[in-house]
Number of protein chains: 2
Amino acid sequence: MRRTPVGRQTRAARGIPEATVARLPLYLRALTALSERSVPTVSSEELAAAAGVNSAKLRKDFSYLGSYGTRGVGYDVEYLVYQISRELGLTQDWPVVIVGIGNLGHALANYGGFASRGFRVAALLDADPAVVGATAAGLPVRHMDELESIVESQQVSIGVITTPPGAAQQVCDRLVEAGVTSILNFAPTVLTVPDGVDVRKVDLSIELQILAFHEQRKAGEEPEDEEPAEEPVRERAPGPVRAAAAKLRRAASGGKETKGETDRQAVLPA
Amino acid sequence: MRRTPVGRQTRAARGIPEATVARLPLYLRALTALSERSVPTVSSEELAAAAGVNSAKLRKDFSYLGSYGTRGVGYDVEYLVYQISRELGLTQDWPVVIVGIGNLGHALANYGGFASRGFRVAALLDADPAVVGATAAGLPVRHMDELESIVESQQVSIGVITTPPGAAQQVCDRLVEAGVTSILNFAPTVLTVPDGVDVRKVDLSIELQILAFHEQRKAGEEPEDEEPAEEPVRERAPGPVRAAAAKLRRAASGGKETKGETDRQAVLPA
DNA sequence: TAGATTGTTAATCGATTAACAATC
DNA sequence: TAGATTGTTAATCGATTAACAATC
């Protein structure tokens, strides 16, 4: 996707796969721990175990960065820490704004891993006058009105959105307009951004739903309903009839079934 | 990966790809919004736009669930909400424990999207006597000692870990031992679990680092250091020499470089 | 019947993995 | 030199996408 030979000529490092990029922080964390224990070198096998991946994947990942290992020996911990840090852009300082200082914004402002790794909270912003002026993590909460001036004066390129879902797109638009080009979105909202802006999302509800899916599988696949047994080959009733049927099922599904090892009530999301 | 024909015979739905499972919650969210606006039917094109994916992917995803659409018409919103909810296991109620009631645990306990979608906070747990007894989101914080009895008596199968990193594995072990088989980990720790236990992780620091990587790319790839230009073809000095060189570079890299459009200080993660 | 839209096919792309030659 | 471990190859697997026949 990303194909941005903006600067000078493209070097090998340009083509690092997304899946690899997403694992570099894991390797870096494991390496940092080794570094703190003054471990001088580490093999792909050991490091992979510490990072929770297999060693073939790790070596493949590192091969995109260059040949930083020594055959028969392993990797120099300090050197790798430095190379990965540089590859990830962590040899710079990245000022970040957090917009929406509710419970979650508060938690993030206080998050330790934030300050390390080169990320610095440039400002906390909120639209609520009752919150503005309060202090979180030693920083004053400032009003949304200051968003543009802060982003510009402090060269903020990363914004974190922890607003209620209804405000997220609007906040996102303002951040982008002001010059932010990377957004980490904690609001359960699909954000629309122009080309060149990256959005990553963190969504508790989605993670839980994925876990629930697998949990249900593990629980043994008993019927959760009256007639689910041969459900894929269901008859094709016209839409409205189906909807009515669904409603009936929903109404009927309250607290009926009992799973083998559990006894959970049937509940549909609101 | 997951191949668990635990219950009776395997039906088509067994083989839903992970990537599809991860998108079902997105579709469900978009459908719920349509449902609330009383929209009766939706095309793959419209729904895909609302969920932020392309329509071919959406149709492919839905094809794993069954044939729930009507050619020439689209999908019945209510019916799809029901089918996806059931597929994800959301027609049941899932009691969840949150362990570690710091800022983040607090925020999660208060998170609205938690209570909807069938997830219910069964208990908040903390090891710190100073926190135990306090109230968060209307629930008392209980002591870790009660973990086992709560998990067993309330049939909790999902645990959320929001402890400091040092405590995460230990908490994880206790959860698993008590019977929890799905874990959502917010601590920046690689958790080791037995087969049959699912772990998903949410890691702010990793997300920010991935954004920083792309941000750096966008910024145009100027040298962040003295000699990075032909860095992939670097000479292969033996480990210790490399490490020393790296340290030199680290020491030297403080506040030197100036990017084209930014002026950030060079900082290495702690 | 004509128009619309699904469900599926097949091609392509990207990620994972095992195996092993290269080489320290 | 012998043992260890990297870096790379090639096979496999899974995910994405465009296109279109099926069919409402």
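Reminder, nothing fancy here: chain letters follow the sequence lines and each chain counts from 1.
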Query raised in the report: If you look only at pairs with a residue in residues 60-69 of chain A, which of them pass as a salt bridge (Lys or Arg N to Asp or Glu O under 4.0 Å), with sequence neighbours excluded?
Result: Arg23(A)-Asp61(A)
Report summary line: Residue set satisfying salt bridge (Lys or Arg N to Asp or Glu O under 4.0 Å) with Glu207(B), at least two apart, ordered chain then number -> Arg200(A)
[X] [atom1] to [N] [atom2]: how many Å, rounded?
{"X": "Ile16(A)", "N": "dG14(C)", "atom1": "CD1", "atom2": "C1'", "result": "15 Å"}
{"X": "Glu18(A)", "N": "dT16(C)", "atom1": "CD", "atom2": "P", "result": "12 Å"}
{"X": "Lys60(A)", "N": "dA11(D)", "atom1": "NZ", "atom2": "P", "result": "14 Å"}
{"X": "Leu80(A)", "N": "dG7(D)", "atom1": "CG", "atom2": "P", "result": "9 Å"}
{"X": "Arg59(B)", "N": "dT16(D)", "atom1": "CZ", "atom2": "P", "result": "15 Å"}
{"X": "Lys57(A)", "N": "dA18(C)", "atom1": "NZ", "atom2": "C1'", "result": "13 Å"}
{"X": "Tyr68(B)", "N": "dT8(C)", "atom1": "OH", "atom2": "P", "result": "12 Å"}
{"X": "Asp61(A)", "N": "dT6(D)", "atom1": "CG", "atom2": "P", "result": "14 Å"}

Requested in this report: With sequence neighbours excluded, tell me which residues meet ring pair (Phe, Tyr, Trp, His ring centres under 6.0 Å) with Phe62(B).
Outcome: Tyr27(B), Tyr75(B)
**Report entry** Of residues 42-50 of chain B, the positions that come close to DNA chain C - non-hydrogen atoms, cut-off under 4.0 Å
**Finding:** Ser43(B), Ser44(B)
Side-chain ([X]) to main-chain ([Y]) donor-acceptor, under 3.5 angstrom:
{"X": "Ser85(B)", "Y": "Val81(B)", "answer": "yes"}
{"X": "Thr70(A)", "Y": "Val73(A)", "answer": "no"}
{"X": "Lys218(B)", "Y": "Gly196(A)", "answer": "yes"}
{"X": "Trp94(B)", "Y": "Gly89(B)", "answer": "yes"}

Hey, what are the protein-to-nucleotides 21-23 of chain D N/O distances that come in under 3.5 Å?
residue : atom : partner  : partner atom : Å
dA22(D) : N3   : Arg71(B) : NE           : 2.8
dT23(D) : O4'  : Arg71(B) : NE           : 3.4

Query raised in the report: To the side chain of Thr70(B), which of dC20(D), dT17(D), dC24(D) is closest?
Result: dC24(D)
Report task. Kindly point out which of dA15(D), dG7(C), dA18(C) is positioned nearest to the side chain of Pro17(B)? Result -> dA15(D)
Using a 3.5 Å cut-off and no angle test, enumerate the donor-acceptor pairs between side-chain atoms of residues 48-59 of chain A and protein atoms at least two apart in sequence or in another chain.
residue  : atom : partner  : partner atom : Å
Asn54(A) : OD1  : Ala56(A) : N            : 3.0
Asn54(A) : OD1  : Lys57(A) : N            : 2.9
Ser55(A) : OG   : Glu45(A) : OE1          : 3.3
Ser55(A) : OG   : Arg59(A) : NH1          : 3.4
Arg59(A) : NH1  : Ser44(A) : OG           : 2.9

Report task. Determine to 10° how strongly the helix from dG3(C)-dC24(D) to dC24(C)-dG3(D) is bent, judged from the axes of its five-pair ends. Result -> 10°
Report summary line: Whichever of Phe62(B) and Val73(A) has the more 5' nearest nucleotide on DNA chain C, that residue is Phe62(B)
**Report entry** side chain to side chain contact (heavy atoms under 4.5 Å, CB included) partners of Pro40(B), counting only residues at least two apart
**Finding:** none
Report task. Check side chain to side chain contact (heavy atoms under 4.5 Å, CB included) between Ser205(B) and all other residues, then give those that pass, not counting sequence neighbours. Result -> Arg29(A), Tyr111(A), Arg117(A), Asp203(B), Gln209(B)
Query raised in the report: Can you list every pair that meets side chain to side chain donor-acceptor pair (under 3.5 Å) and has a residue in residues 184-193 of chain B, with sequence neighbours left out?
Result: none
Requested in this report: Hey, could you give me the CG/CD distance between Leu88(B) and Glu215(A), rounded to the nearest 0.5 Å?
Outcome: 13.5 Å
Requested in this report: Answer yes or no: does a side-chain N or O of Tyr75(A) lie under 4.0 Å from OP1 or OP2 of dG7(D)?
Outcome: yes
Query raised in the report: Is the shortest side-chain N/O distance from Arg23(B) to OP1 or OP2 of dT16(D) below 4.0 Å?
Result: yes
Requested in this report: Would you mind classifying the nucleic acid contact of Ala19(B) as base, sugar-phosphate or nothing, using non-hydrogen atoms under 4.0 angstrom?
Outcome: sugar-phosphate
